[in-house]
2 protein chains.
Amino acid sequence: MENNNIKILLVDDEADILEFLSYNLKKQGYQIFTAKNGKQALIKAKEIIPHLVLLDIMMPEIDGIEACEQIRKIDTLNNTLIAFLTARGEDYSQIAGFEAGADDYISKPIKPKVLVSRIKALLKRHNDYKLDLRIDNQKIIKNGNILIDKNNYKVTVNNEIVNLTKKEFYLLLLLISKPEKVFTRDEIFSSVWGENVVVGDRTIDVHIKKLREKIGDEHIVTIKGFGYKFV
Amino acid sequence: MENNNIKILLVDDEADILEFLSYNLKKQGYQIFTAKNGKQALIKAKEIIPHLVLLDIMMPEIDGIEACEQIRKIDTLNNTLIAFLTARGEDYSQIAGFEAGADDYISKPIKPKVLVSRIKALLKRHNDYKLDLRIDNQKIIKNGNILIDKNNYKVTVNNEIVNLTKKEFYLLLLLISKPEKVFTRDEIFSSVWGENVVVGDRTIDVHIKKLREKIGDEHIVTIKGFGYKFV
DNA sequence: TACTAATCTTAACATAAAATTAACATAGAC
DNA sequence: GTCTATGTTAATTTTATGTTAAGATTAGTA
């Protein structure tokens with residue numbers, strides 16, 4: 001997934017910290033927005049619907065914890081991740097606002113490398129979750145002559161190992177997760193490619209073709225005008 | 001994982017607290033070890049390789065924070081969890097503690113039930129793919145023409161001694177611990193390098209290359225897009 | 001403590017595999 | 001039959017991994 005489709009909202013009352021974070025994250029290709037207090041943060045968050053909000057705890061007026069709680073109440077921001085920035089010396093009782101609905105905390109002084117890797121990990125976790133790599137704890141899926149081992153990313157057809165590429169693997173995983181359900185192209189895109197990836201029209205078809213070659217034509221049926229299903 | 005395979009090292013300078021914690025945790029079936037200061041803690045930790053270290057912050061000589069930092073430097077203890085015990089009012093140190101690489105903090109006064117549930121939650125994170133140097137105390141591992149002697153980091157391939165560096169050694173140990181299992185880069189990082197270490201993208205590849213040179217290309221297979229496995 | 005050697009990490013670049021695109025073909029709905 | 005959605009293919013771009021050597025770090029030793 002390209003970073004430049006990822007929106008991050010930075011909230012801190014100190015301009016130089018905003019500057020510092022902005023600089024390091026823009027370098028990674030993220031789209032950066034800023035707010036200098038909780039109130040502003042709420043307004044901006046509603047407007048831009050960021051993927052991630054980095055929230056300083058200590059701020060005048062509405063503090064980080066409260067801002068977090070408010071953000072959690074807005075349902076267009078359901079999918080937004082929230083991470084706190086905390087400084088050494090701040091009372092932990094505030095940070096305990098982890099329970100306010102934050103997904104991570106990052107402590108100052110912030111090292112750019114650590115920051116970036118934490119953010120990547122956060123976003124990745126979020127994405128994997130959607131792909132149901134983590135929630136669905138069924139690690140081995142069997143359907144007819146097809147067997148998928150999620151632990152090893154291994155697919156077997158009639159007991160013969162078939163090597164699938166990443167996209168093929170996730171595509172198959174999606175279709176097989178609900179046999180007989182017709183998945184629209186949009187659903188496939190958002191699940192396998194992610195919400196904010198734009199690829200051409202024929203991309204899915206090409207992958208479907210490769211998948212059919214590898215696992216057998218009969219399993220993937222085209223419902224013209226609607227999508228594909230696994231049988 | 002059965003509780004009686006779990007080793008916990010308790011570190012506190014007050015004997016009665018050690019006693020109290022010991023009693024409650026032994027009741028849960030954990031294997032309990034104790035140390036009464038930071039120095040002793042380090043020695044014992046190296047020796048027993050506990051799953052979890054419960055560390056008091058305030059201690060004479062080496063304090064909890066420092067002990068934590070030192071433990072984090074020992075690579076056999078990469079997968080050891082560290083939790084701080086803190087008295088109310090010592091809030092500042094909790095922040096510092098997280099920075100030092102702690103996984104949790106538990107504040108005094110300690111209620112047995114809370115303690116136990118926190119510990120259970122912590123240990124849950126300990127995924128089973130992780131290399132567990134503690135449970136698998138088999139000192140010599142053999143797989144095909146490869147023989148590993150955990151005592152001295154020495155590996156024999158076709159009866160010829162091969163010297164591996166520590167990183168190479170742990171990497172091999174991880175991969176060989178589950179032949180045919182595909183280990184993702186994330187899994188490798190968190191197991192060999194530890195959660196709190198950030199290294200660049202190419203680091204794993206370099207180590208894989210060196211390992212392949214030393215033990216033979218055929219044993220480590222790249223599954224592009226997913227990870228590596230040992231065969 | 002400072003020196004030395006070993007190990008680890010980084011960064012730049014190379015390569016192979018995978019993903020995407022674009023041009024064109026085909027089949028089914030109307 | 002025409003139109004549109006999908007199929008097919010090969011060329012192209014992008015990405016993940018491989019490789020190398022230099023620089024940084026660490027551990028061992030004087």
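Here the structure is a predicted model, which is why all the values come from computation and not from measurement. Side chains are part of it too, since the values below use all heavy atoms of this structure and drop only hydrogens, waters and symmetry mates. Lettering of chains follows the sequences in order, A, B, ..., and the numbering in each one begins at 1.
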Undergrad: Determine: side-chain N/O of B/His207 to OP1/OP2 of C/dT9, distance under 4.0 Å, yes or no.
TA: yes

Undergrad: What class does the angle between the rings of B/His219 and B/Phe230 fall in, given that below 30° is parallel, 30 to 60° is tilted and above 60° is perpendicular?
TA: parallel

Undergrad: Any protein N or O atoms within reach of nucleotides 4-7 of chain D? Criterion: under 3.5 Å, listing atom names and distances.
TA:
from  : atom 1 : to       : atom 2 : distance (Å)
D/dT6 : OP1    : A/Gly225 : N      : 3.1
D/dT6 : OP2    : A/Arg185 : NE     : 3.1
D/dG7 : OP1    : A/Arg212 : NH1    : 2.8
D/dG7 : OP1    : A/Thr222 : OG1    : 2.6
D/dG7 : OP2    : A/Tyr228 : OH     : 2.5
D/dG7 : N7     : A/Arg202 : NE     : 3.4
D/dG7 : O6     : A/Arg202 : NE     : 3.3

Undergrad: Please state how far atom NZ in A/Lys166 lies from atom C1' in D/dT17, giving the value in whole angstrom units.
TA: 12 Å

Undergrad: So, is B/Trp193 near the phosphate of C/dC8, with a side-chain N or O under 4.0 Å from OP1 or OP2?
TA: no

Undergrad: Please work out whether the ring planes of A/Tyr153 and B/Phe226 are parallel, tilted or perpendicular, with thresholds of 30° and 60°.
TA: parallel

Undergrad: According to side chain to side chain donor-acceptor pair (under 3.5 Å), does anything in residues 154-164 of chain A pair up with another residue at least two apart or in another chain? List the pairs.
TA: A/Asn145-A/Asn158

Undergrad: Please round to 10 degrees the angle between the axis of the first five pairs and the axis of the last five pairs in the helix from C/dT1-D/dA30 to C/dC30-D/dG1.
TA: 40°

Undergrad: Hey, are the side chains of B/Leu9 and B/Val11 touching, using non-hydrogen atoms and a 4.5 Å cut-off?
TA: yes

Undergrad: Could you pick out which residue, B/Thr165 or A/Lys167, lies toward the 5' side of DNA chain C when each is mapped onto its nearest nucleotide?
TA: B/Thr165

Undergrad: For A/Lys210 and C/dA18, give me the distance from atom NZ to atom C1', rounded to whole Å.
TA: 7 Å

Undergrad: In whole Å, what is the span from the NZ atom of A/Lys214 to the P atom of C/dA17?
TA: 12 Å

Undergrad: Is there side-chain contact between A/Arg118 and A/Leu122, with heavy atoms separated by less than 4.5 Å?
TA: no

Undergrad: Within this structure, what is the CD-to-C1' distance between B/Glu168 and C/dT9, rounded to whole angstrom?
TA: 13 Å

Undergrad: A cation-pi test, strictly: NZ or CZ of B/Lys166 under 6.0 Å from the centre of the six-membered ring of B/Tyr170 and no more than 45 degrees from its axis. Yes or no?
TA: no

Undergrad: From CD of A/Glu213 over to P of C/dA19, roughly how many Å is that when rounded to an integer?
TA: 14 Å

Undergrad: Using atom CG of A/Leu211 as one end and atom C1' of C/dA19 as the other, report the distance to the nearest whole Å.
TA: 14 Å

Undergrad: Specify the separation, in whole Å, of atom CG of B/Asn163 and atom P of C/dA5.
TA: 18 Å

Undergrad: Let me know the distance between CZ of B/Arg72 and P of D/dT26, rounded to the nearest Å.
TA: 16 Å

Undergrad: Determine, for A/Lys209 against A/Glu213, whether the closest basic-nitrogen to carboxylate-oxygen distance falls under 4.0 angstrom.
TA: yes

Undergrad: Looking at B/Arg212 and B/Asp205, does any basic side-chain N land under 4.0 Å from a carboxylate oxygen?
TA: no

Undergrad: Does the pair A/Lys178/A/Glu187 count as a salt bridge with the N-to-O cut at 4.0 Å?
TA: no

